[in-house]
Structure formats: C-alpha cells, structure tokens
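This report concerns only the one structure given below.
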There are 2 protein chains.
Amino acid sequence: MTGTTGNSAPRRSEATRTAILAAARERFAADGYERATIRAIAKDARIDPSMVMRYYGSKEGLFAAAVTLDLRLPQVGGLPREEVGQALVSHFLDLWEENEELTAMLRVGVTNQSGAERMQEVFRDQLLPVARQACPDPEQAPARAALCAAQLLGLALTRYVLRLGPTVALRRQEIVAWLGPTVQRYLTAPHPA
Amino acid sequence: MTGTTGNSAPRRSEATRTAILAAARERFAADGYERATIRAIAKDARIDPSMVMRYYGSKEGLFAAAVTLDLRLPQVGGLPREEVGQALVSHFLDLWEENEELTAMLRVGVTNQSGAERMQEVFRDQLLPVARQACPDPEQAPARAALCAAQLLGLALTRYVLRLGPTVALRRQEIVAWLGPTVQRYLTAPHPA
DNA sequence: GTCTATAATTCGATAGAC
DNA sequence: GTCTATCGAATTATAGAC
C-alpha cells in the first residue's frame, strides 16, 4: 500500500501485524474465544501484548480482523446438475483441512455473540447464493441452504472440533461418497412433503 | 434415599443441591463453560457461591454432576426397517426441545476438554449400539453412527446454538421429512464406494 | 448447613518512558 | 514503533465464624 520506495517512515509494523493475525487465528481455532488470551497470542507472535491492543484496539477487534472468511465456493451454475453435491462436499473438505479460520469461527461462534453473527453473515452472503443457483424453486433456497449447512457444519463439528473417533477415521473418499448425494438431494430434490 | 421418616438429621440440603444443578444446566447451556461462572449459577439458585464448592468440589465437578446425559434412544430392533431414520430424527428433535442438557453439552464440548470427552462417551455408549442394531454389517456400525452424528449434531448446532435464521424457521415436520431419509440411508444403505 | 472474608490468579486495557 | 509497569475487575477456591 505505502509502496516499497521511500523510507521516510518505513513501516516495519506490517510484519508484526501479520504475525499477530496468524497467531490469533491459531489460538482462536484451538481454544475458542474466552481461553484465547491476548497475552498468549502475543507470546506466540513474539511481541508485546500491548502491541495487540495498539493495532486492533480490543480483543473483539482482533477477532474481527483475524477471522474474515471467504469460502470461495465454486460456481455451481456451470456444473452438471448431478455433480453439485459432490463438488460442494469436496470443496468444503479442502477448506477445513487447509484453513484454520473455519475452525476458529466455529469454536468462537458457539460461545460468543460476535462469532455467531459472523457465521450468520457467511451463511447469508456465501452459501445462500449457491443454493439459489442450484435450487429449482428460488423461494425454497433458504430452507435448502439451511439443510446443507446442517450437514456440512455437523461434519466439521464432529470431525475437526469434537474429533469423534469414527468420524476422524473416515477417509475423504468415503465422506464425499456418503455426503455428496445428501447435499445433492437437499439442493435439487423436490420438496418431500 | 435417607427416607422420609426420622428427623434426627433432616437433610434440607437435597433441595439446595437440586436447585444448584438446575441453575448450572441453564447457565452452561446458555453461556458455555468459561462464561458460566459459579457466582452466576449460585445467584440463580439463590444460595451462596461457596455452597457450590462445598457440594461439588470444583467447577469441573459441578459440570460432571449437572450434565449426565441419557438420550433414551428407541429400540430400533422392533421397528420396520424403513421407519428407523424418521424415528431417530423425531426422537432427537423431542430431546433437544425439552432438555437443555444437550445444549449445555454441545456448547461446553466445543471449548472444554471434559465436555468433548463427555460427548464421545455419549456417542460410544448410546448412538453406536443403535447403529449396530440397524446396520446390515456390524463392522460398519462406527462409520454409520459417525455419519448420523454429523447430520444430527449439525442440525442441533445450526438450529439451537448458532440459530441460523432459515434453520430456526424450518418446521418440525419438514426436518423429519428431509433428514429422516438421510439418517435412514446412513444406517441401512449399502456402502456407496 | 450457611455465610463472610479473603487469598491467589488471571484477564483486558491504559499510561507513559524510550 | 516497541516495551515496562500497572490498574481495576473478575475469577476459582479456601479458611473459618456462626
């Protein structure tokens, strides 16, 4: 932003800010909001705790800056109808394996109001549009997206947060084979009632 | 236990203990482990905070005493094969609506080690046996139970904890109609791979 | 059996030196 | 821009009077 030229006021702070955010994501993901202390995050980032306050104002501000989630959901419009479910499940597994922001958001969302609101935003702004594309009747999109969220977040909860033994033991291939048709049905099948 | 006869040492404490446990369940369910303070629980129960320590030793001990979960899952052995899924989903909805212990266990399990272990016990001792009854190949029972847990806990997470708008808006009848076949398939369908 | 008083930590946040 | 020192509040847990 400030460019690499000119050293009148060389910002060394950018590296510090990045280190703080990375440490914050790790701690929020591992411990949840209450137990992820600013002191511990600062120690991980090898800086002084007061720097966290200086840069992000408060613990809430730090969380807001550290967890800004972009699911990068695939455009399902170009896919064959019968592959949408598998594509979504597969994409979700990739996300959860590589990005600890998702674990942080889930852990924090369960006990913190701001975290829960953040999850509601992600649902509304990112999953809902996908459902509108894939769903035969757009008016049913919210319900369809809700069903998909329940299935996908339930998998993440049991596999990456609670770590239930048999859920962790499932191979990626199995999960896609089992959950793909479920998500597919929630999105595209006619209303059962 | 001590009987209603004999008042040599009439235990008035039983009422107090019960009040503490009820208040603890409410607070753990609403706030999670860290934010449910002994002080707040004692205030709800209209007793002194030190009484909680006296009766249950520690905050961990209080949680262990307050949340002892019996899902009372139906015996699926006597049911027609094709009704097992709907019966389980329907039973789960009843449980979550009437018993706040489940919400407490889920909220605590996400950020507290003891809570997570408690959930693992419930899975192993209560859901797994049901899967063994319903599953064609008992060797696949853990995987089938894991899939059911992901779907059912995901519904509870989004509906009762995160309170995603469209998930809360779903009518009970719709949930059973959509999730019943899913659980049914996870338990009884042949392995898709 | 119930409560007061307090110990011993730990937390988020602030003020100010350099 | 970074760090030292510290405040004020909150927590779990204990000791002991009544």
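In what follows, chains carry the letters A, B, and so on, assigned in the order in which the sequence lines appear, proteins first and then strands, with residues in each chain numbered from 1.
Hydrophobic clustering keeps L69(B) apart from L128(B) (ILVMFWY residues linked when any side-chain heavy atoms are closer than 4.5 Å, directly or through intermediates).
At least one test fails for R107(A) against the ring of Y160(A): distance under 6.0 Å to the centre or angle within 45° of the axis.
Rounded to an integer number of Å, the gap from CG of D48(A) to P of dT14(C) is 15 Å. Atoms CG (D31(B)) and P (dT11(D)) sit 11 Å apart, rounded to a whole Å. One interatomic measurement links the two molecules: CD1 of I20(B) to P of dC3(C), which rounds to 10 Å at whole-angstrom precision. Atoms NZ (K43(B)) and P (dA10(D)) sit 12 Å apart, rounded to a whole Å. Between I41(A) atom CD1 and dA13(C) atom C1' the separation is 15 Å, expressed in whole Å. M51(A) has its CE atom 8 Å from the P atom of dG1(D), to the nearest Å. Going from atom CD1 of I47(B) over to atom C1' of dT4(C) covers 15 Å, rounded to whole Å.
A close approach under 4.0 Å does occur between a side-chain nitrogen or oxygen of Y55(B) and OP1 or OP2 of dT2(C).
Ring planes of W178(A) and Y186(B): perpendicular class, angle over 60° (limits at 30 and 60°). In this pair, F28(B) and Y33(B) present their aromatic rings parallel. The plane angle is below 30°, not in the 30 to 60° band.
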Mind listing the N/O atom pairs, protein and nucleotides 13-18 of chain D, below 3.5 Å?
unit_1	atom_1	unit_2	atom_2	d
dA13(D)	OP2	K59(B)	N	3.0

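S114(A) and E60(A) share a side-chain donor-acceptor pair at under 3.5 Å. S90(A) and R172(A) are linked by a side-chain donor-acceptor pair at a separation below 3.5 angstrom, with hydrogens and angles left out of the test.
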